[in-house]
Amino acid sequence: MSRLTTVTRLRVTELARQPLTLVMLLALPPIVIEMYGVAVKSFPQLPTLGADPATVGRMTGTLFAVAFLAGLVGLFQVISARRGDERAAIAGFPRWELLATRLLTMVIIAVAGATVALAALSYNVDVATATLAFGFLVLAALVYGLIGVIVGTVVPQELEGSIVLVFMADIDNALSSGLFPIDASTTIPLVGDVAVTDFVPLYHPRELFVTAVLDGGVASGHLLPALGWVFGLLTIAFVAYGHTAGNGWFTSNGGSA
Amino acid sequence: MTRVGAALRSGATELRRTPLLLALLVFAPAYVIYVFTLVAPGGTAVVHLGGEVVRTPLAEAFPAFTTPMTAALLSGITGLFLMHSSALADSRLVVAGYRAHQVVLARLGLLLGVAAVATAVSVGVMLTAFSPDHLGWFVLGTGLTALVYGMVGVLAGVLLARITGVYLILFGSMIDLFIFQNPLATDAPAAARFLPGHYPLRVAMEAGFTGTVETASVGWTLLYLGVLTAITIGAFYREMRVT
């Protein structure tokens, strides 16, 4: 357990030593949130928005600012430390511990980012239930953080991995932002008709977050799918990382792939 | 000029050797535009272009305004990593006698290639769902949007860490192109016209929905691109002196 703590502390210190990373954590989310607010204000009062456009913009900006930050941290954590992980595995670390430290670091960054972003949102928007809103913000960050880890594991090059993550985020932002009425569905054998938005990672966390901010409750029908995304992605992350680990997954045998 | 050509050729060779990147250059825009076309809701979009208002089906408006955005995003990210991945080699080129502007111009040449591929693929996929009123101007508008964002990416690559750069390119292009310059928006703030996507996207949207383009927008875009290139050369020169 102490090894896990030591390596996690090392990863967080590594990140904290880069001043630009700290600036990004503290300064960029509030700027993104405010820009979203100003930008969406220029849209007409679309029926899909359901609230004042500026408020919708700020809420959407908060969610995406935190989620994509976690996604990028997850991606770069896995890619940039690949060689370091090889060495740590040779030094006796089982691969699952290395992945766990990556995930823990990503969660710490997600919590820090969510705290700053929610504070920035609260400056202009009355948040009905701050604890719920914070929880759903961290949930959204977990979803994208895990996506970042998976992309970084499967596509271990910075440029290519970034392109994949950014394009996913781009589609996600457009489809789950609530700006446009997306009502398309598709039929899956044995399951039946499924809404396209169910395939968009941030759709359910966004619904939960918006409801917590505006009404203070939990949006019915969205909590289970959102948790399903987290556990599904967590499983995929472990399987993908385990696949690259070969037989060094549970044992400290030198980490040969 | 031969020095720029040599640096450009070596950069292009490096790009050619990364098949995954080449596949993504083609697949990513095609996938995004296809998805946007697939999920576009029914109904009519009211498109605001300067003083003119055009009504068009949302199913046509969606692919039209996601095409330049997709090309820009791809160029921006590639521009960012062009500078990062080649930073060591570039600094050696400078030690070997290259001038800062020659290195940046070689990167700009590579960007032209990336922007051309991103534009061709994006417009090609878009044509399955939407035919712009004037295809030539639309391609030019999309290409210029990609080029401007590519240069923003190169500048970010010189000045910022990779993770910060990707974050800025992602949100910068999303907020600028998808929200501020979105032709469905009615009352964009005056400051939005100073953002990188304003003039080139205007060329693309006017070409797409009215067929007549204000040529001044092309001029303003080229000026913007020139200023960005000059700033990037300055930043690169300063970076080389510091290191």
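Chain letters run A, B, ... following the sequence lines, proteins first and then strands; every chain starts at 1. These values consider heavy atoms only, across backbone and side chains, with no hydrogens, waters or symmetry-generated copies.
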Based on non-hydrogen pairs under 4.5 Å, which of A/Ile31, A/Ile163, A/Val155 is most in contact with chain B?
-> A/Ile163
Atom pair CD1 (B/Ile175) and OH (A/Tyr36), whose distance is rounded to the nearest 0.5 Å | 5.5 Å
So which part of B/Leu80 gets closer than 4.5 Å to some heavy atom of chain A, the side chain, the backbone, both or neither?
-> neither
Does a side-chain heavy-atom distance below 4.5 Å link B/Phe180 with A/Met35?
-> yes
From B/Arg162 CZ over to A/Ile79 CD1, what is the distance, rounded to the nearest 0.5 angstrom?
-> 9.5 Å
Report the distance from atom CZ of B/Phe81 to atom CD of A/Glu160, rounding to the nearest 0.5 Å.
-> 9.0 Å
Quick one: does A/Leu28's side chain get under 4.5 Å of B/Leu168's, heavy atoms only?
-> yes
Could you check if a side-chain atom of B/Thr164 sits within less than 4.5 angstrom of a side-chain atom of A/Leu72, using non-hydrogen atoms only?
-> no
Measure distances from B/Val32 to the heavy atoms of chain A and classify the residue's part below 4.5 Å as side chain, backbone, both or neither.
-> both
Rounded to the nearest 0.5 Å, what separation is found between the OG1 atom of B/Thr66 and the CG atom of A/Asp170?
-> 8.5 Å
Within the side chain of B/Tyr167, is there an N or O that forms a donor-acceptor pair under 3.5 Å with the backbone of A/Phe68?
-> no
Side chain / backbone / both / neither for B/Phe27 at chain A, heavy atoms under 4.5 Å | neither
Which bit of B/Leu24 is near chain A, if near means a heavy-atom gap under 4.5 Å: side chain, backbone, both or neither?
-> side chain
Walk me through it: do A/Val166 and B/Ile169 pass the test side chain to side chain contact (heavy atoms under 4.5 Å, CB included)?
-> CA-CA 9 Å; A/Val166 160; B/Ile169 293 286; over 6 Å; no
